[in-house]
Visitor: 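Structure provided below as structure tokens; questions to follow.
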Amino acid sequence: TAWLFFSAVVKGLNSKFVPSGHAAIGFAANTLIWLLTDNIVILMLSLVTAILLAESRIAAKEHKLSEIIFSGCIATVLVLVLYGIAMAIV
């Protein structure tokens, strides 16, 4: 539902701007992995995977770079906020 809100706000600004769900999931998973592990190999693999996933959306001409960056930033911030709330509760 929050994603639909952001889509509606962005669509109001530019009707051709569509955030990438694939990139959002990739960077959300990457952020969560970075928060939960100290293994440098796993950290780098998760980052490379998120970047390759995002790049594949551009290569397939499904999204523009600005849409990928927006999606990655929103997903990262959302995970950090939710993780902070979860840690405050525990």
Visitor: Between His22 and Arg57, which heavy-atom pair has the shortest distance, and what is it?
Guide: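 For His22 and Arg57, the tightest heavy-atom pair comes out as ND1-NE, 3.6 Å.
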Visitor: May I ask you to decide if Val18's main-chain N or O and His63's side chain share a donor-acceptor pair within less than 3.5 Å?
Guide: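 Yes; at least one donor-acceptor contact below 3.5 Å.
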Visitor: Using 0.5 Å steps for rounding, measure from the CD1 atom of Ile68 to the CG atom of Leu53.
Guide: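 Taking CD1 in Ile68 and CG in Leu53, the distance rounds to 8.0 Å.
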Visitor: Would you indicate whether the side-chain heavy atoms of Ser66 and Phe17 approach each other to under 4.5 Å?
Guide: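 In short, these two side chains touch, coming nearer than 4.5 Å.
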Visitor: Please tabulate, for the side chains in residues 32-42, all donor-acceptor contacts under 3.5 angstrom to protein atoms that are two or more places apart in sequence or on a different chain.
Guide:
unit_1	atom_1	unit_2	atom_2	d
Trp34	NE1	Asn30	OD1	2.9
Trp34	NE1	Leu43	O	3.2
Trp34	NE1	Ser46	OG	3.3
Thr37	OG1	Asn39	N	3.2
Asn39	OD1	Val41	N	2.9

Visitor: Phe27, Ile25: one ILVMFWY side-chain cluster at the under-4.5 Å cut-off?
Guide: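 Each belongs to a different hydrophobic cluster.
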Visitor: Taking Ser71 for the side chain and Ala24 for the main chain, is one N or O donor matched with an acceptor at less than 3.5 Å?
Guide: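 No: the side chain of Ser71 does not pair with the backbone of Ala24.
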Visitor: Roughly how far, to the nearest 0.5 Å, is the NZ atom of Lys64 from the CD1 atom of Ile58?
Guide: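 Result: 11.5 Å between the selected atoms.
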Visitor: Would you give me the side-chain donor-acceptor pairs under 3.5 Å for residues 76-87, sequence neighbours excluded?
Guide:
unit_1	atom_1	unit_2	atom_2	d
Thr76	OG1	Thr31	OG1	3.4
Thr76	OG1	Gly72	O	2.8

